[in-house]
> 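My questions will all concern the structure given below.
Keep in mind that this is a model prediction, so the values were computed, not measured. All heavy atoms count here, side chains included; hydrogens, waters and symmetry mates do not. All residue numbers in this chain count up from 1 along the given sequence.
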Amino acid sequence: MRLRRSMMFIPGDSAGMLSNSYIYRPDSVMFDLEDAVSLAEKDTARLLVFNTLKANLYGGIETVVRINGVETPFWEDDLDMAVRGGVEVIRLPKTESVADVKEIENRIENIEKSCGRPIGDTKIMAAIESACGVVNAVSIASCTPRMIAIALAGFDYLVDMQTSRSSGSEPELFYARAAVLHAARAAKIDAFDVAYGNVNDEEGFLREVAIAKNLGFNGKSLIHPRQIELLHKAYAPTTGEVDHARKVIQAAKDAEEKNLGVVSLDGKMIDPPVIHEAQRVILLSDHS
């Protein structure tokens, strides 16, 4: 079980941010070679990210590289650099079909073979950024064992839908959020909610975090370090939830030691999903 509450975007051409962003302790960092990097800086960004990966600065923090899309001339070099650099996860932008994922997957396997990494070691995260991607989310999420998460990218999706963000409950994102989240759960992988662009609007950010948490998202994509602590605190369980989780785990342990096939607590049956949720609550508590 791995926490993925926060995934912070770091521009691939920002040497300063690449060298010290680990101090903010997000659960994941995403080194961005796509939208955050101009065409003139693609090569420089690629080299900077490679050196950052090889320096192993981000111990305990999951490393992700967002490559350029397969429709560009940059993605193959991006992928080669990231896999050889030892990145944990490749984020594929603008994913619309299984074919997009398979093209990346085949290339990753070839690179792993050539550089000596274990086959399957490099994971994939698909970014859903269009109506087509949302409609195909289930097949995308379940098309390969390498897939560990899918992420909804709100801006491009809303442009594709010919609308924009409103305030409050954001009904324009509800269907996409529900579809992406259901796809992730059906495939038994994680799901990231959209990034919130106004870093000065803490109230709006926390309102959106509450929506994501209540729907069931594992976490959110973030664009600024100041959002990390706010997000982690919002996802932290209450004292009552932690106490109950500890009781569930202890009851399950006691039943296992006594070779009991049935586990109960306060007159209620405890099955594996309940135990798994209790373990997740404890993990959240330990990292809040």
> If you round to the nearest 0.5 Å, how far is CD of Gln227 from OH of Tyr196?
9.5 Å
> Taking Ser19 for the side chain and Gly16 for the main chain, is one N or O donor matched with an acceptor at less than 3.5 Å?
yes
> Check this for me: does any side-chain nitrogen of one of Asp243 and Arg246 sit under 4.0 Å from a carboxylate oxygen of the other?
no
> Could you check Asp160, Val159, Thr95 and say which one makes a side chain to side chain contact (heavy atoms under 4.5 Å, CB included) with Ser130?
Asp160
> Could you tell me if the side chain of Asp190 sits less than 4.5 Å from the side chain of Ile148, heavy atoms only?
no
> Do Leu158 and Leu215 share a hydrophobic cluster, counting only Ile, Leu, Val, Met, Phe, Trp and Tyr and linking them when any side-chain heavy atoms are less than 4.5 Å apart?
yes
> With a 4.0 Å cut-off on N to O distance, would you call Glu208 and Arg165 a salt bridge?
yes
> Do the side chains of Glu170 and Arg177 get close enough for a salt bridge, i.e. N-O under 4.0 angstrom?
yes
> From Leu79 CG over to Ile90 CD1, what is the distance, rounded to the nearest 0.5 angstrom?
5.0 Å
> Where the side chain of His276 meets the backbone of Pro272, is there a donor-acceptor pair that is under 3.5 Å apart?
no
> Run the side-chain contact (heavy atoms from CB on, under 4.5 Å) test against Lys113 and tell me which residues pass, sequence neighbours left out.
Glu109, Ile119
> About how many Å separate CG of Asp80 and CG of Asn110, when rounded to the nearest 0.5 Å?
10.5 Å
> Could you give the side-chain donor-acceptor pairs of residues 228-242 under 3.5 Å, partners two or more places apart or in another chain?
from	atom 1	to	atom 2	distance (Å)
Glu229	OE2	Lys233	NZ	3.1
His232	NE2	Ser6	OG	2.7
Tyr235	OH	Phe217	O	2.9
Thr238	OG1	Glu241	N	3.1
Thr238	OG1	Glu241	OE1	3.4
Glu241	OE1	Thr238	N	2.8

> With Gln250, which residues qualify under side chain to side chain donor-acceptor pair (under 3.5 Å), at least two apart?
Asp254
> Looking at every heavy atom in both Ile270 and Ala251, which two are closest together, and how far apart are they?
CD1-CB, 3.9 Å
> Under a 4.5 Å cut-off applied to non-hydrogen side-chain atoms, are Asn200 and Arg226 in contact?
yes
> So do the side chains of Met7 and Met125 get within less than 4.5 Å of each other, counting heavy atoms only?
yes
> If you look at every heavy atom in Ser28 and Arg4, which pair is closest and at what distance?
OG-CG, 4.4 Å
> If Ile, Leu, Val, Met, Phe, Trp and Tyr residues are connected whenever their side-chain heavy atoms lie under 4.5 Å apart, and connections chain through other members, are Val65 and Met8 in the same group?
yes
> Quick one: are Leu181 and Arg185 in side-chain contact, heavy atoms under 4.5 Å?
yes
> State, yes or no, whether a side-chain contact exists between Trp75 and Glu103 at a heavy-atom distance under 4.5 Å.
yes
> Run the ring pair (Phe, Tyr, Trp, His ring centres under 6.0 Å) test against Tyr58 and tell me which residues pass, sequence neighbours left out.
Tyr22, Phe31
> Would you call Ile61 and Tyr24 a side-chain contact if the rule is heavy atoms closer than 4.5 Å?
no
> Check side-chain contact (heavy atoms from CB on, under 4.5 Å) between Leu47 and all other residues, then give those that pass, not counting sequence neighbours.
Asn51
> Could you state the interatomic distance from CZ (Arg46) to CG (Leu33), rounded to the nearest 0.5 Å?
7.0 Å
> Measuring from atom CZ of Arg280 to atom CD of Glu277, what distance do you get when rounded to the nearest 0.5 angstrom?
4.0 Å
> Measuring from atom CG of Asp43 to atom CG of Asp13, what distance do you get when rounded to the nearest 0.5 angstrom?
12.0 Å
> Of all residues at least two apart in sequence or in a different chain, which pass the side chain to side chain donor-acceptor pair (under 3.5 Å) check with Tyr157?
none
> In terms of side-chain geometry, is the basic nitrogen of Glu34 or Arg91 positioned less than 4.0 Å from the acidic oxygen of its partner?
no
> Ignoring hydrogens and angles, tell me if any N or O in the side chain of Asp271 forms a donor-acceptor pair with the backbone of Val274 under 3.5 Å.
yes
> Is there a path of hydrophobic side-chain contacts, each under 4.5 Å between heavy atoms of I/L/V/M/F/W/Y residues, joining Ile249 to Val281?
yes
> Flag the pair Lys102 and Glu105 as a salt bridge only when some basic side-chain nitrogen lies within less than 4.0 angstrom of an acidic carboxylate oxygen.
yes
> Same cluster or not: are Ile140 and Val70 linked, directly or through other Ile, Leu, Val, Met, Phe, Trp or Tyr residues, by side-chain heavy atoms under 4.5 angstrom apart?
yes
> Decide whether Met161 and Val134 are clustered together by the hydrophobic rule: side chain heavy atoms of Ile, Leu, Val, Met, Phe, Trp, Tyr closer than 4.5 Å, transitively.
yes
